Every structure is written in C-alpha cells, then in structure tokens.
Amino acid sequence: MTVAQKRPASPKLDNSFLSTLQKQFPELVPPAIALLVFLTIWQLFSWTPGATLPGPIKVIQDTWILILYPFYDKGGTDKGLFWQIWASLQRVAISYTLAAIFGIGLGVLIGVNKTMSKALDPLFQLLRTVPPLAWVPISLAALRQNEPAALFVIFITAIWPILINTAVGVKEIPVDYNNVAKVLQLSKKEYFFNILIPAALPYIFTGLRIAIGLAWLAIIAAEIVMSGIVGIGFFIWDAYQNNNVSEVILALVYIGVVGLILDKLMAALQNWILPTEQK
C-alpha cells in the first residue's frame, strides 16, 4: 500500500479525537474557569501593599528548577519532589493496607457479634476522635524510631472509617438475606463469601475511600513533626524553616493533586468491583 493510500485514515482519526474533545469540553470548562478566577484573585491579592504571600507567578519563578527537575537526588533528604512524594506514598501504601486488613476484619467481627460491639464500640468511638498529630508523641515514645512511628500514625488514623463502616455494613444486611441463608443451610464460609461480604461491600468501599484521604493527610502531619526522613511533609517543614514559602505552596499543589488521584483510583476500583445496583 502506498503512502497516498494511507492518508485518508488520518482525517478519521482527527475527527474521532475532536469528537471526544467536544464531548468532554462542557465538563472541562467550569473547573477551568473556576481555577482561572482563583489564580487571578490570588495574584491580585499578592500585589496588595503589605502582602507576604507570593502570587502564582512568583511561585512559578521561585520553584522553576524544582518543577523542571523533580527526579534529582543529592543524597540524604536533599531530593526532588518526585522522590519526596514517592517516599510518602510508600508509607501510606504499607499502613493503609494494614489498616484495611485489620479494619475490615474487626468490622466484620463487631458487626456479627453484639457482645463485641457493645464492648468495643465506646473505645473505638473515643480513639477515632484523636487527631493524627496527637498520636505522634505516643508513637515516638513507644517505637523510638521515626519510620515505624510514621507508619503507626497513618495506620491508627486510617483504620477507623474502614472499621466503623464495615461494622455498619454488616449490621445493615437485610433480614431477608439472613433468612435465605438459613433456609439454604449455608455454612459459615458460604455465608461469609456469598452473603455477608457482597452485602457489606458498598459500606466497606465508603470506609476505604474516606481512609485513603485520611491516610494521605496523616503522613503529611507525621513527616512534618518527624525530622530527618524523606517525605513531602518533611519537605514542607524544611522549606518553611528556610523561609521558602513558594516551595511550600508548590508542595501543597502536589499534595492536592496526589490526593485527588488516590481518591479517583479508589472510586474507579469501586466502580469496577461493585455491581451497578449496589452503588
């Protein structure tokens, strides 16, 4: 086939791309306008007399090197933003996974056992209200090392929404489901996998989505307090100590973007696993 014969396929590809862009355009315009208005107000505010917060233009000028070279590594804690965020994400992944395992397990236990629920629910309701920063000195005193302490702070912050939502989901299983299980004389294993887990999944995923956001918030708080460990939280604190406010703002943007991506990934997983009628 000649080159001339291949050319007609190109307009179709372009038309397909333009068609997709036109469909998505109405969804992109409102947030783009809102972002533009926000940046404009922020920039105007930074130009007012006595303002100490740099505007978006100044932030980009001050952090241009960090934006262009996020992968640099000079050893120690002197690393680019990619490695800072990567280190934080690794801690979140470890602690969040453990929180999901223990939270779902304990939630199921509390949901099916009324005695355990009455005994442990007041304790859990008390502990879940403790802010992440309040756990930092306790974790440091008990574990005496920054890394395990940071992992514990994330774990203890993320576990509560998973545990509580799982327990509620188990308690809210329709009576008809339990009656059917009794009629069919399902074993405990069959009841667990065929009735309990499918019925509680919407509640479990609600807890998981809330927990992923709390875990990301907790790691930032933990790293700010725990000096000497690579992570975006320590990067923010170090930049503030050196009066690099533009670097702090840039890091906040990265944190927001990563948090949004984590939530969208969890939402996509939920949409993939849960049947439409259960959402």
Side-chain angles (χ1 to χ4, degrees), residues 17 21 24 28 31-48 51-97 132-133 136 145-151 153-154 157-158 212-268:
F17 174 76
L21 188 61
Q24 295 294 328
L28 297 176
I33 293 176
L35 179 61
L36 182 62
V37 171
F38 170 75
L39 292 175
T40 301
I41 295 174
W42 176 14
Q43 185 62 54
L44 293 174
F45 176 79
S46 68
W47 284 335
T48 59
T52 56
L53 189 69
I57 297 175
K58 177 65 173 174
V59 169
I60 294 175
Q61 290 174 341
D62 292 344
T63 61
W64 189 245
I65 299 299
L66 290 174
I67 297 173
L68 288 180
Y69 302 100
F71 300 101
Y72 82 86
D73 186 351
K74 296 182 180 179
T77 58
D78 190 7
K79 301 179 187 293
L81 280 171
F82 173 83
W83 301 114
Q84 303 284 357
I85 291 175
W86 180 248
S88 296
L89 283 174
Q90 286 179 308
R91 296 186 184 101
V92 168
I94 294 170
S95 296
Y96 179 75
T97 302
L133 278 176
V136 173
Q145 291 183 1
N146 285 347
E147 191 68 29
L151 294 176
V153 170
I154 307 166
T157 304
I212 193 65
L214 292 178
W216 187 235
L217 292 176
I219 187 58
I220 304 305
E223 289 176 351
I224 286 177
V225 176
M226 299 173 186
S227 60
I229 59 175
V230 177
I232 192 65
F234 174 74
F235 176 87
I236 289 175
W237 183 248
D238 185 61
Y240 172 74
Q241 293 285 72
N242 291 287
N243 201 30
N244 295 324
V245 181
S246 294
E247 293 185 6
V248 174
I249 295 174
L250 177 65
L252 293 179
V253 173
Y254 275 75
I255 290 170
V257 170
V258 172
L260 178 62
I261 292 173
L262 291 175
D263 181 72
K264 294 299 182 183
L265 288 175
M266 186 56 63

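FYI, the numbering just counts along the sequence from 1. These figures come from a predicted structure and were not determined experimentally.
- Taking a 6.0 Å sphere around CH2 of Trp42, one finds it holds more than 12 heavy atoms contributed by other residues, nucleotides or ligands.
- Among the candidates Leu36, Ile41, Val37, Leu35, the single residue satisfying the side chain to side chain contact (heavy atoms under 4.5 Å, CB included) test with Leu39 is Leu35.
- With respect to Ile219, the side chain to side chain contact (heavy atoms under 4.5 Å, CB included) criterion is satisfied by exactly one of Ile255, Val92, Leu214: Val92.
- Put simply, the side chain of Leu252 reaches to within 4.5 Å of the side chain of Ile236, judged on heavy atoms.
- If you look at Trp237 and Phe234, their ring centroids are not closer than 6.0 Å.
- The nearest pair of heavy atoms linking Trp216 to Leu89 is CZ3-CD2, 3.7 Å.
- Checked by atom type and distance alone, the side chain of Thr63 never pairs as donor or acceptor with a backbone atom of Leu250 at under 3.5 Å.
- A pairwise comparison of heavy atoms in Arg91 and Gly231 identifies NH1-CA, 4.0 Å as the closest pair.
- For the atom pair Ile232 CD1 and Glu223 CD, the distance stands at 8.0 Å (nearest 0.5 Å).
- Rounded to the nearest 0.5 angstrom, Ile85 CD1 and Gln90 CD are separated by 12.5 Å.
- Between atom CD1 of residue Ile154 and atom CD1 of residue Ile220 there is a gap of 9.0 Å, rounded to the nearest 0.5 Å.
- The neighbour count for Phe45 CZ, taken as heavy atoms of other residues, nucleotides or ligands under 6.0 Å away, does not exceed 12.
- Here the CG atom belonging to Leu133 is positioned 9.0 Å from the OG1 atom belonging to Thr157, to the nearest 0.5 angstrom.
- Smallest separation of non-hydrogen atoms from Tyr96 and Ala215: CD1-CB, 4.4 Å.
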Please report the C-alpha distance between Gln43 and Ser46 in whole Å, then the side-chain angles of each, then the deciding distance to 0.1 Å, and finally whether the side chain to side chain donor-acceptor pair (under 3.5 Å) criterion is met.
-> CA-CA 5 Å; Gln43 185 62 54; Ser46 68; 3.3 Å; yes
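- Asn242 CG: more than 12 foreign heavy atoms inside a 6.0 Å radius.
- Nearest approach of Gly233 to Ser88, heavy atoms of both residues: N-OG, 4.5 Å.
- Between Tyr72 and Asp78 there is a side-chain heavy-atom pair separated by less than 4.5 Å.
- Looking at Asp62 and Val245, their side chains never come closer than 4.5 Å, going by heavy atoms from C-beta outward.
- Inter-residue side-chain proximity for Leu66 and Phe235 is flagged as met; some heavy-atom pair is nearer than 4.5 Å.
- Annotation: the span from Leu151 atom CG to Gln145 atom CD amounts to 11.0 Å, rounded to 0.5 Å.
- The aromatic rings of Phe71 and Phe82 sit tilted, their planes meeting at an angle between 30° and 60°.
- Proximity of a side-chain donor or acceptor of Thr48 to a complementary backbone N or O of Leu44 within less than 3.5 Å is not detected.
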